[in-house]
2 protein chains.
Amino acid sequence: MPQRAKRPGTAKIRSAAFRRIRADHSSELAEDYVELIADLIDEKGEARGSEVAMRLGVANATVVKTMKRLQDMGLVTQEPYRSIFLTGDGWKMAEDGRRKHKIVEAFLLALGISEETARIDSEGIEHHVSEETLRAMARFLARK
Amino acid sequence: MPQRAKRPGTAKIRSAAFRRIRADHSSELAEDYVELIADLIDEKGEARGSEVAMRLGVANATVVKTMKRLQDMGLVTQEPYRSIFLTGDGWKMAEDGRRKHKIVEAFLLALGISEETARIDSEGIEHHVSEETLRAMARFLARK
DNA sequence: CAATAGGTTTAGCCAATGCTAAACTTGTGC
DNA sequence: GCACAAGTTTAGCATTGGCTAAACCTATTG
């Protein structure tokens, strides 16, 4: 069987990157939910499951199920048939998400991208930028 | 029951963004696999399942299962116990991924980000940038 | 040319994230 | 103060993407 190993170092680094992406994906969903809940509380005074479902474009039942997981993770609290609240950790995560989101979106706009696209792309990108990249984006914005 | 609707337009757009992200995620995995397979073919002359598994940081069995799906999607072909080939569509997807990847990575480097971080972040970001954003990045690189 | 080491596949499991349809609360309005 | 509409939750299902352990090929080598 062919068994060559030309550049052993690179493979490991690459696989680490892929691992991180997979890990990101699990927290990504949680961040999206939590961020949205924070927005709803600020905007309307309360976060209802059905509103979350509508804004996220998923079914009601999906939100219920996810809320259980977020509750287990200690990010939200909720009584049946009541609206959703964030825990301290939940707020922290929401704030962090908003911070990243703002930087990325502002950065894309500064790059000359349309508002529409900046909104959509930043939503996707925000979960995949390291602190180093965020710092570089902030630097760019300051220098601009 | 509370039934307020203050800004009906925004919600729909947001949910569209989230929908796109979810849709991206399914193709994302496929793109990562296909891109890696293309790299292996170019680099070593053939793409073996176990090599894909190692580089992706995933178990062998996972690759086998995923290959079946990619085969159903018409992106790869493979005989049992043989190495993996890309179809025309597979090559097209791989080339597209590489193109995006290159632009994003070069862009991050131009922004002053370390090689290590640029590699990792670009891997995550490449699947979430629109053509408009790619064009802006390319423009930035040209103007630099 | 047969044994065997080592790479591949199968089988069976798990968790996450969605869905629809049915059952269940709640709060309003009569 | 009860009925009912509308909002919530449960139940049950599907798919994706991962894992381990066991079964299975293949090609090298003695």
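Values below: all heavy atoms of this structure, side chains included; hydrogens, waters and symmetry mates excluded. All chains are named by letter (A, B, ...) in the order of the sequence lines, taking the proteins before the strands, and each is independently numbered beginning at 1.
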Is the phosphate of [N], meaning OP1 or OP2, less than 4.0 Å from a side-chain N or O of [X]?
| X | N | answer |
| --- | --- | --- |
| A:Ser50 | D:dG7 | no |
| A:Arg48 | C:dT26 | no |
| B:Arg22 | D:dT15 | no |

Using a heavy-atom cut-off of under 4.0 Å over every strand shown, decide if B:Val63 touches base, sugar-phosphate, or nothing.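 The answer is nothing, as B:Val63 stays clear of every strand by at least 4.0 Å.
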
Using atom [atom1] of [X] as one end and atom [atom2] of [N] as the other, report the distance to the nearest whole Å.
| X | N | atom1 | atom2 | answer |
| --- | --- | --- | --- | --- |
| A:Asn60 | D:dT8 | CG | C1' | 7 Å |
| B:Gln78 | C:dG7 | CD | C1' | 12 Å |
| B:Lys68 | C:dT9 | NZ | P | 8 Å |
| B:His25 | C:dA15 | NE2 | P | 22 Å |
| A:Glu28 | C:dA15 | CD | P | 22 Å |
| B:Met54 | D:dC19 | CE | P | 14 Å |
| A:Arg20 | D:dG18 | CZ | C1' | 19 Å |
| A:Glu51 | D:dT8 | CD | C1' | 15 Å |

When you get a sec, tell me which of [options] is the closest nucleotide to the side chain of [X]?
| X | options | answer |
| --- | --- | --- |
| A:Arg82 | D:dA27, C:dG27, D:dC19 | C:dG27 |
| A:Ala61 | C:dT9, C:dC19, C:dG27 | C:dC19 |
| B:Tyr81 | D:dG18, C:dT8, D:dG7 | C:dT8 |

Where each residue is assigned the nucleotide of DNA chain D containing its nearest heavy atom, which of B:Tyr33 and A:Lys65 is assigned the position nearer the 5′ end?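 Whichever sits nearer the 5' end wins; that is A:Lys65.
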
Considering only NZ, NE, NH1 and NH2 on the basic side and carboxylate oxygens on the acidic side, decide whether [X] and [Y] come within less than 4.0 Å.
| X | Y | value |
| --- | --- | --- |
| A:Glu95 | A:Arg98 | yes |
| A:Asp96 | A:Lys92 | no |
| A:Glu51 | A:Arg55 | yes |

Does any N or O in the side chain of B:Glu132 come within less than 3.5 Å of the main-chain N or O of A:Ser114, such that one atom is a donor and the other an acceptor?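 Judged by distance alone, yes, a pair lies under 3.5 Å.
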
Need to verify one output field. Residue with the more 5' nearest nucleotide on DNA chain C, A:Leu29 or B:Val64?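 The residue whose closest nucleotide sits nearer the 5' end is B:Val64.
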
Earlier contact from the 5' end, DNA chain C, for A:Pro80 and A:Thr62: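 So the residue in question is A:Thr62.
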
Any pair counted as ring-ring contact (aromatic ring centres under 6.0 Å, His included), so long as it reaches residues 116-135 of chain A, sequence neighbours left out: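 Output for this query lists A:His25-A:His128, A:His128-B:His128.
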
